[in-house]
Amino acid sequence: MPEGHTIHRLAADLRKDFVGQPVTANSPQGRFSESAAIFDGELMLKSEAWGKHLFCHWESGNILHIHLGLIGKFRKVDEETPPRDTIRLRLVNKSAMWDLTGPQTCALIVQEDLETVISNLGPDPLRIGLRGLGKFKRGLASSKKPIGAALLDQSLLAGIGNVYRAELLFLCGIHPETPCNRINEDDAEALWDWTVKLLRRGKRLNRIVTIQEEDKENISSKSKKRNNSLYAYKRAGLDCRRCPSEIVISKLAGRSIWHCPNCQGKND
DNA sequence: TACATATGATCAT
DNA sequence: TGATCCTATGTAA
């Protein structure tokens, strides 16, 4: 679940449910009890996302910093949901209840700490939009890493994860091993444009959908049931949606990556 | 019941 | 590069 679109959507949903009326906070699991007690009963003033980081600001000036990591979830639950001991944090008010489980980070910090966190992040496409292109291009130009590794580097751009990196490279026709500094102007611009577009779509739909209208008709009725929203991610051995080749899987920056050997030209 | 896996990141070697 | 942390889910045994 958690790439940048998820976190921005979360920030917006939490804002809707909690900003404006006092929030009860506790830690059924116990591991966050002391900190939760500090802002328990306060007003949430603001809820925002930077890349994959979520920040909820409280009256006292304290800030709840959450990073979901690989397996974390922060979800709205029914008021009868039992307080299981995997729930790190539970937020409640009159109209809503949310449970946080398995976060990589859940900490109470102050503004200065927040600034340190975001100073280590590259441009966030969902905050800066198309205006972030310049920064992104400079980041690419100064790196020799394979683009497939760079896209996961949150200090180059903030919010992309393993699904989007495979899909972005497919849509731009770029081989994952291409060194960043060999990506030309047009490709860099296309990468940034698609990133902004796809993250916005993901936030709106609350899930990752990269498939384009013109490719929908090429999806055989056989596979119509599932897995129809992506081009490359987890599609090893299946037909490319745009040519007769098969999608191949490889490893890059310690994670699996998928690409079409025909549509995503080999780098030399 | 056990194990593999997951849209992440850090720390040790 | 590999081990590690956190939790839930699906599949194998």
Side-chain angles (χ1 to χ4, degrees), chain A residues 1-11 27-33 35 49-55 64-77 81-90 98-107 109 113 116-122 124-126 145-146 148-171 176-177 194-195 198-211 225-236 247 249-259:
Chain A
M1 283 207 64
E3 295 193 29
H5 68 297
T6 303
I7 313 306
H8 279 265
R9 175 59 179 261
L10 256 177
S27 176
Q29 179 189 63
R31 289 174 57 173
F32 195 59
S33 294
S35 298
W50 281 91
K52 298 173 189 171
H53 297 259
L54 173 68
F55 300 102
L64 174 65
H65 174 210
I66 290 170
H67 190 297
L68 293 179
L70 184 59
I71 62 174
K73 296 213 160 50
F74 201 2
R75 51 198 154 186
K76 192 168 184 171
V77 296
T81 308
R84 299 182 193 291
D85 65 5
T86 55
I87 300 170
R88 184 78 57 89
L89 172 67
R90 171 171 276 186
W98 286 69
D99 284 346
L100 171 70
T101 58
Q104 175 170 106
T105 304
C106 175
I109 63 172
D113 306 310
T116 303
V117 172
I118 65 177
S119 71
N120 291 316
L121 296 175
D124 176 346
L126 285 175
K145 284 200 281 200
L151 289 177
L152 292 183
D153 180 351
Q154 302 299 300
S155 66
L156 176 74
L157 86 170
I160 293 306
N162 209 26
V163 179
Y164 280 121
R165 83 158 165 171
E167 297 299 302
L168 285 166
L169 292 173
F170 178 89
L171 282 164
E177 297 283 354
W194 276 112
T195 301
L198 293 182
L199 280 172
R200 282 179 178 165
R201 189 181 190 186
K203 181 184 175 189
R204 182 160 38 87
L205 299 176
N206 211 3
R207 73 189 188 101
I208 301 175
V209 178
T210 61
I211 204 89
K225 279 222 147 130
R226 33 173 261 179
N227 230 17
N228 277 343
S229 49
L230 304 174
Y231 288 98
Y233 180 77
K234 275 196 173 172
R235 294 195 72 247
I247 301 295
I249 183 172
S250 55
K251 211 96 169 180
L252 187 47
R255 318 273 311 267
S256 294
I257 187 166
W258 297 260
H259 77 280

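The sequence lines fix the lettering, A, B, ..., with proteins before strands; numbering per chain opens at 1.
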Quiz prompt | Phosphate-side-chain proximity, Gln104(A) and dT10(B), N/O vs OP1/OP2 below 4.0 Å | solution = no
Quiz prompt | Any donor-acceptor pair under 3.5 Å from Glu167(A) side chain to Tyr233(A) backbone | solution = yes
Quiz item: Are any of His67(A)'s side-chain N or O atoms less than 4.0 Å away from OP1 or OP2 of dA9(B)?
Solution: yes
Quiz prompt | Protein-nucleotide distance (Trp258(A), atom CH2; dA6(B), atom C1'), rounded to Å | solution = 10 Å
Quiz item: Starting at NE2 of His65(A) and ending at P of dA9(B), how long is that distance when rounded to a whole Å?
Solution: 11 Å
Practice problem: Write down the distance between NZ (Lys251(A)) and C1' (dT5(B)), rounded to a whole number of angstrom. | Solution: 11 Å
Exercise. State whether Lys52(A) places a side-chain N or O below 4.0 Å from either non-bridging phosphate oxygen (OP1 or OP2) of dT7(B).
Key: no
Self-check item: Considering all heavy atoms, the nearest Arg90(A)-Thr81(A) contact
Solution: NH2-O, 2.9 Å
Quiz item: So, for Val163(A) and Glu3(A), which heavy atoms are closest and what is the spacing to 0.1 Å?
Solution: N-OE2, 2.8 Å
Quiz item: Donor-acceptor pair, Arg165(A) side chain versus Leu152(A) backbone, under 3.5 Å?
Solution: no
Quiz prompt | Main-chain N/O of Gly202(A) paired with Asn206(A) side-chain donor or acceptor, under 3.5 Å | solution = no
Practice problem: Using the test ring-ring contact (aromatic ring centres under 6.0 Å, His included), find all partners of His65(A) that sit at least two apart in sequence or belong to another chain. | Solution: His53(A), Phe55(A)
Practice problem: Give a yes or no answer on whether the side chain of Thr105(A) reaches the backbone of His67(A) with a donor-acceptor pair at less than 3.5 Å. | Solution: no
Quiz prompt | Span that lies between the P atom of dT5(B) and that of dA3(C), in whole angstrom | solution = 14 Å
Quiz item: Closest heavy-atom contact between Asp124(A) and Leu126(A)?
Solution: OD1-N, 2.8 Å
Quiz item: Distance between the P atoms of dC6(C) and dT1(B), in whole angstroms?
Solution: 23 Å
Practice problem: Go ahead and write out DNA chain B as dot-bracket, 5' to 3': ( ) for pairs within the strand, [ ] for ones crossing earlier pairs, | when the partner sits on another strand, dots for unpaired; Watson-Crick or G-U wobble, both distances under 3.5 Å. | Solution: ||||||.|||||.
Quiz prompt | Boundaries of the chain A footprint along DNA chain C (any atom under 4.0 Å from a heavy atom) | solution = dC6(C) to dA8(C)
Quiz item: What distance, rounded to whole Å, do you find between the two P atoms, one in dC5(C) and one in dT13(B)?
Solution: 14 Å
Quiz item: Looking only at side-chain N and O atoms, does Arg255(A) come under 4.0 Å of OP1 or OP2 in dT7(B)?
Solution: yes
Quiz item: Can you tell me how far P of dG8(B) sits from CD1 of Ile7(A), to the nearest Å?
Solution: 10 Å
Quiz item: Base, sugar-phosphate, or nothing for Arg75(A), non-hydrogen atoms under 4.0 angstrom?
Solution: sugar-phosphate
Quiz item: If each of His53(A) and Ile71(A) is mapped to the nucleotide of DNA chain B with the nearest heavy atom, which maps nearer the 5' terminus, i.e. the 5' end?
Solution: Ile71(A)
Self-check item: Phosphate OP1/OP2 of dT7(B) contacted by Tyr233(A) side-chain N/O (<4.0 Å)
Solution: yes
Quiz item: Is there a donor-acceptor pair closer than 3.5 Å between any side-chain N or O of Arg235(A) and the backbone N or O of Tyr231(A)?
Solution: yes
Practice problem: Whole angstrom is fine here: how far is it from CD in Gln154(A) over to C1' in dT10(B)? | Solution: 13 Å
Quiz prompt | Rounded interatomic separation in angstrom, taking CG from Leu70(A) and P from dA9(B) | solution = 9 Å
Self-check item: Glu3(A) CD - dT7(B) P separation (whole Å)
Solution: 8 Å
Exercise. Ignoring hydrogens and angles, tell me if any N or O in the side chain of Arg9(A) forms a donor-acceptor pair with the backbone of Lys203(A) under 3.5 Å.
Key: yes
Quiz item: Is the shortest distance from a Lys or Arg side-chain nitrogen in Lys145(A) or Asp153(A) to a carboxylate oxygen in the other one below 4.0 Å?
Solution: yes
Quiz item: Rounded to whole angstroms, how far apart are CD1 on Ile249(A) and P on dT5(B)?
Solution: 10 Å
Quiz item: So what does Glu167(A) touch, heavy atoms closer than 4.0 Å: a base, only the sugar-phosphate, or nothing?
Solution: nothing
Quiz item: What distance, rounded to whole Å, do you find between the two P atoms, one in dT4(C) and one in dA4(B)?
Solution: 15 Å
Quiz item: Checking all strands, does Arg84(A) fall into the base, sugar-phosphate, or nothing category for heavy-atom contacts under 4.0 angstrom?
Solution: nothing
